[in-house]
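To start, the structure under review is shown below, and the notes come after it.
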Amino acid sequence: MPTVPQHERQVRDSALPSARITPAADVEAFGGGSSFQKVTNAAQKFIIQEKQKADDIATTEAYAETVKLKNRLMYDPENGVMTRKGKNAIGAVEEYGDLFNKELDTIENGLSNESQRSVFRTIRLKQGTELNNNLQRHVFTESKRYDEETTVSAIAASRDDAIKNYQDEGKIAENIHIQVASIDAHGARNGLPNEIIAKQKEEAVSATHAGVIDRMLNNNQDKLAKAYFAEIKTSLTGSDTAKIEKNLEVGSLRGEAQRTSDKIVDKTQTLTEGLEMARSIDNPELRDAVVSRVKTRFSEDKAILDQQREARYQQAADVLEETKDRDQIPVNIWSELTLSERNAIDARSKQLASGIPPSTDWKVYYDLK
């Protein structure tokens, strides 16, 4: 019987190899491990970035509000510190500093975390320092201006008092002492050099004396002004001395011309006589001034007499027209009438007595018109 070839099995039974699953493989499989850490880090980084953005936005907004507040307190056209001038600027540093800090407290309290507040404090310190420096500078400038204005005003008031009351004994010296003391005090407050203070006092004293002399001249006291000038001349500045000498020359000429013309008019009865006396004066300037004044005085006196005579004549005529009786005219008025005026009154009296209406001389009428 033939033998059938047998094939030996090529695959033999054997145990399965054990599966190798590492712990790391398990964490990764369930979403842990390095992959999870990467995701966590990314999330944390995102959160930090977003918080930083929020903090930046908040502090930026707070910065903008702080700067606006600083500039509003300084430059607001209605209530800013720059509107506070002179005396009104005193105390502005404390007042506006308190307003600034009060509003910044509100801004700081509105921030959401300590990180924002920490940044804001740095902003607050810088802007507060700038505001304080600006306030100090403005108040210093205005206080200095107020000091200047007050001192100048005090000196002017004292000078005016001396000028208006120069005839009161001791008034000039008293006011000059006040001016000197005011200038010394102002110089000490502001640290002015002694040379500047001395010059200011010299100018103040000189201006007071000059004002007094002008007042005397305007009051027609040229002789008194001349004597006063001789007494205080060394206390005057060069410019005031030159000005006063010129004023004294004019004032003295005017005063002398007034006195001389008054004497001439009192001594003479006619303009011809007055002019003859005036033209005998040797001083050319005085002669011209006296001649002019004599002419004016006689013209004024004539005009006054003419007005008085016309008024008397009119009064006499009114009495005649009302009473139809010349004898009713008061004696003191009748005695002052000229011969032609009396004749006219007599003629009108006769017309009234006869009942004949007056005839009109039309030539005279139109000449008079």
Side-chain angles (χ1 to χ4, degrees), residues 163-168 210-229 243-323 326 328-349 360-369:
I163 293 171
K164 289 181 177 178
N165 300 287
Y166 70 89
Q167 298 185 79
D168 295 348
V212 169
I213 291 175
D214 283 343
R215 181 79 170 181
M216 291 174 176
L217 291 174
N218 290 332
N219 288 340
N220 297 321
Q221 295 177 308
D222 56 288
K223 290 184 177 180
L224 177 62
K226 200 169 184 178
Y228 184 77
F229 173 69
K243 179 181 176 182
I244 291 173
E245 286 177 341
K246 184 176 181 180
N247 291 344
L248 279 173
E249 181 181 351
V250 174
S252 297
L253 177 63
R254 182 177 64 182
E256 190 62 30
Q258 288 174 340
R259 290 186 289 272
T260 304
S261 60
D262 288 343
K263 290 179 181 178
I264 290 176
V265 172
D266 291 340
K267 290 180 179 180
T268 58
Q269 299 296 320
T270 65
L271 175 60
T272 301
E273 292 175 345
L275 291 177
E276 184 177 350
M277 290 184 64
R279 286 166 179 158
S280 65
I281 298 173
D282 294 332
N283 187 317
E285 292 183 351
L286 180 60
R287 180 174 62 247
D288 291 342
V290 172
V291 166
S292 177
R293 286 180 177 275
V294 167
K295 287 181 179 179
T296 300
R297 283 289 303 278
F298 271 98
S299 296
E300 290 173 350
D301 291 346
K302 182 178 182 301
I304 292 172
L305 291 174
D306 289 344
Q307 290 177 358
Q308 292 174 344
R309 185 176 65 250
E310 183 179 352
R312 286 193 300 269
Y313 179 59
Q314 184 63 53
Q315 187 175 358
D318 290 342
V319 171
L320 179 63
E321 294 295 331
E322 183 179 351
T323 64
R326 189 198 71 173
Q328 294 299 318
I329 299 173
V331 175
N332 63 315
I333 294 177
W334 181 261
S335 64
E336 295 293 331
L337 297 179
T338 63
L339 178 61
S340 61
E341 290 171 342
R342 291 178 182 179
N343 290 337
I345 291 292
D346 286 337
R348 177 56 179 159
S349 178
T360 302
D361 188 330
W362 293 106
K363 182 179 184 304
V364 173
Y365 171 78
Y366 285 116
D367 287 344
L368 290 174
K369 291 191 65 176

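The residues of the chain are indexed from 1 along the displayed sequence. What you see is a predicted model, and the numbers here were worked out from it, not measured in a lab.
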Please tabulate, one pair per line, all N/O donor-acceptor pairs under 3.5 Å involving side-chain atoms of residues 286-296, not counting sequence neighbours.
residue : atom : partner : partner atom : Å
Arg287  : NH1  : Ile281  : O            : 2.8
Arg287  : NH1  : Asp282  : O            : 3.3
Thr296  : OG1  : Ser292  : O            : 3.0

Quiz item: Does the side chain of Lys263 reach to within under 4.5 Å of the side chain of Met277, using non-hydrogen atoms?
Solution: no
Self-check item: Val319 side chain near Ile333 side chain, heavy-atom distance below 4.5 Å
Solution: no
Practice problem: Count the heavy atoms of every other residue, nucleotide or ligand shown that sit under 6.0 Å from CD of Glu276, and state whether that count exceeds 12. | Solution: no
Exercise. With rounding to the nearest 0.5 Å, note down the distance linking CD1 in Ile244 to OH in Tyr228.
Key: 9.0 Å
Self-check item: Results of side-chain contact (heavy atoms from CB on, under 4.5 Å) for Glu273 - residues two or more places apart only
Solution: Thr268, Gln269, Thr270
Self-check item: Minimum heavy-atom distance Leu217-Arg254, with the two atoms named
Solution: O-NH2, 2.9 Å
Quiz prompt | Value rounded to 0.5 Å, distance of CD1 in Ile213 from CG in Asn247 | solution = 9.0 Å
Quiz item: Any side-chain heavy-atom pair from Arg215 and Asn219 closer than 4.5 angstrom?
Solution: yes
Quiz item: Does CD in Gln328 sit with more than 12 non-hydrogen atoms of other residues, nucleotides or ligands closer than 6.0 Å?
Solution: yes
Quiz item: Considering all heavy atoms of both residues, which atom of Phe298 and which atom of Leu271 are nearest to each other, and what is their separation?
Solution: CE2-N, 3.5 Å
Quiz item: Does atom CD of Glu322 have more than 12 heavy-atom neighbours, drawn from other residues, nucleotides or ligands, at distances under 6.0 Å?
Solution: no
Practice problem: Measure the spacing between CE of Met216 and NZ of Lys223 and express it to the nearest 0.5 Å. | Solution: 15.0 Å
Quiz item: Distance from Lys226 atom NZ to Glu245 atom CD, nearest 0.5 Å?
Solution: 11.0 Å
Quiz item: Are the side chain of Thr260 and the backbone N or O of Ala257 linked by a donor-acceptor pair below 3.5 Å?
Solution: no
Practice problem: With Arg259 as reference, evaluate Asn220, Asp222, Ile264 under the side chain to side chain contact (heavy atoms under 4.5 Å, CB included) test and give the passing residue. | Solution: Asp222
Quiz item: Does the side chain of Asp306 come within less than 4.5 Å of Lys302's, by heavy atoms?
Solution: yes
Quiz item: Would you say the side-chain atoms of Gln221 and Tyr166 include a donor-acceptor pair closer than 3.5 Å?
Solution: yes
Quiz item: Which atom names give the shortest non-hydrogen contact between Arg297 and Val265, and what distance separates them?
Solution: NH2-CG1, 3.5 Å
Quiz item: Side chains of Glu341 and Arg309: does their closest heavy-atom pair fall under 4.5 Å?
Solution: yes
Quiz item: Within the distance-only criterion (no hydrogens, no angle test), does the side chain of Ser261 pair as donor or acceptor with the backbone N or O of Gln258 below 3.5 angstrom?
Solution: yes
Exercise. Enter the distance from Arg312:CZ to Ser335:OG here, rounded to the nearest 0.5 Å.
Key: 8.0 Å
Exercise. To the nearest 0.5 angstrom, please state how far the CD atom of Gln315 sits from the CG atom of Asp318.
Key: 7.5 Å
